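In each ligand, atom 1 is the first atom listed, and ligand 1 is the first ligand listed. Please read all numbers here as calculations on a predicted model, not as lab measurements.
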Amino acid sequence: MANHFLPNPKRQPLFIERGEGAYIFDSDGRRYMDLVTGLGVNALGHQHPRITAVIAQHAGLIHTSGLYGHCYAEPLAERLCQMSRLDRALFTNSGTEATELALKLIRCYGTSIRASKTHIVALQNSFHGRTRGALSVAGQPQLREPFQPFAQAVTFVDANDDAGLRAAVSSETAAILFEPILGEGGVVPLTTSFLQLARELTHQHDALLVADECQTGLGRTGRHFSFQHSGIQPDVVTVAKPLAGGLPLGAVMFSDAVNRTFPPSAHATTFGGGPLACRVALEFLDVMEALLPNVREIGGLLENGLREIAAQHSIVTQVRGQGLLLAMQLAVPGDSMVADARDRGLLINCTQSTVLRFLPPFVLTDAQVQTALTILEAVVSSGTSK
Ligand code: PLP
């Protein structure tokens, strides 16, 4: 086969042909339970009947551009604002672009107070996307280094390091940016006390609290947003991944106070927030809402099962996460376990080289959890004996 397409990131040896519910099928017709869901995008599983029906019904108007209105943008913006308790929403095409927009909001808010108030505090091991703006706030040196220097001044603080956070924030801080659970960084939940301190410090220094909920938001942890577990209210929230049922769509919600400092038309996009994507997103939100109890219940079941595996195998040193964003920390690299699981018909993913991450669909059943746990037990046993 010709070699023009550059797979990026490194691909697994699997050609996906179709998906159905919690399963995908490869080009040989082999079935795999999908606990990766396209990195958290296919949160309703594959071919959810309400998503496929709404795509078919609304295929007559796919795109309008931002120049013209359509009837789904305002209802979607209203819904996202109600859910996040914020006032305004703008649409993007991806999580990375949502981060870029958040950086613009931070810049405008900070400099509206003082020209030098541009500094951002972000977290070690964080991930917010791959453009240079998003990389400037990524706490992963290997991602940043090829593209340095960056124009943005950023201080990186360890997750849950209260003293480090206190020391990093000053009157020059324009924002603290965080993922409530560091996803790509290895599924590391931030503690309630750390998040509350971040809120306190940002209030104290008139800075913004910005939650990147691209991986954790929209039901993944059993609530609309992960920050809601800790009772804090951010000023800016970004979402993307599952929002439009697999079509590219992101959004940034922000307060009126932030909006007052943002010049009119200071952000626009040709594709972002088109009619089809917005209509599908409204459907996604309805279905997601109804599945929240299942996310909590099935998430608890999966987490308990992972803990039982960890109790029996010292190679698993910790189980972390919330709802249906869970992980097993291994004492060894996890790539061979990912391959072994795939051979046994289960798709999982490895981050930070030693963390097995699970991002199952919200429609997962008790029986499917048991099947996944049986396979994982076998995978970990065989990894232990190597
Ligand atoms: N923010 C977080 C927390 C993410 O996990 C990701 C992607 O994994 C992004 C931003 C970037 O989103 P996208 O890949 O849609 O650009």
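Contact between Asp212 and ligand 1 is present, with at least one heavy atom of the residue lying under 4.0 Å from the ligand. For Lys241, the closest heavy-atom approach to ligand 1 falls below 4.0 Å.
A salt bridge links Arg79 with Asp286: at least one charged nitrogen is closer than 4.0 Å to a carboxylate oxygen. Using a 4.0 Å cut-off between a side-chain N of Lys or Arg and a carboxylate O of Asp or Glu, Asp235 and Arg199 qualify as a salt bridge. Salt bridge Glu172/Lys117: absent, no basic N to carboxylate O contact under 4.0 Å. Electrostatic pairing of Arg344 and Asp340 counts as a salt bridge here, judged by a charged N lying under 4.0 Å from a carboxylate O. A salt bridge between Glu100 and Lys104 is absent, with no side-chain N of the basic residue lying under 4.0 Å from a carboxylate O of the acidic one. Salt bridge annotation for Glu213-Arg220: absent, with no cationic side-chain nitrogen under 4.0 angstrom from a carboxylate oxygen. For the pair Arg31 and Glu20, the salt-bridge criterion is not met [side-chain N within less than 4.0 Å of a carboxylate O].
Comparing heavy-atom distances from atom 11 (C) of ligand 1 across Thr96, Thr216, Thr351, Thr92 singles out Thr96 as nearest.
When side chains are defined from C-beta on, Leu373 counts as touching Leu306, because their heavy atoms get closer than 4.5 Å.
Residue contacts with ligand 1, taken as heavy atom pairs separated by less than 4.0 Å, involve Glu179 solely via side-chain atoms from C-beta onward. With a 4.0 Å cut-off on non-hydrogen atoms, Cys214 touches ligand 1 through its side chain and not its backbone. Contacts between Glu97 and ligand 1, counted as non-hydrogen atom pairs separated by less than 4.0 Å, are absent for every part of the residue.
Looking from atom 12 (O) of ligand 1 to the surrounding protein, the closest heavy atom is Gly95 CA, 3.3 Å. When hydrogens are left out, the protein atom nearest atom 4 (C) of ligand 1 is Phe127 CD2, 3.8 Å; that is the closest non-hydrogen contact. The closest protein non-hydrogen atom to atom 5 (O) of ligand 1 is Gln215 NE2, 2.9 Å.
Counting the atoms of ligand 1 from 1 in the order shown, those under 4.0 Å from a heavy atom of Glu184 are 8 (O). Near Ser94, the atoms of ligand 1 lying under 4.0 angstrom from a non-hydrogen atom of the residue are 15 (O), 16 (O).
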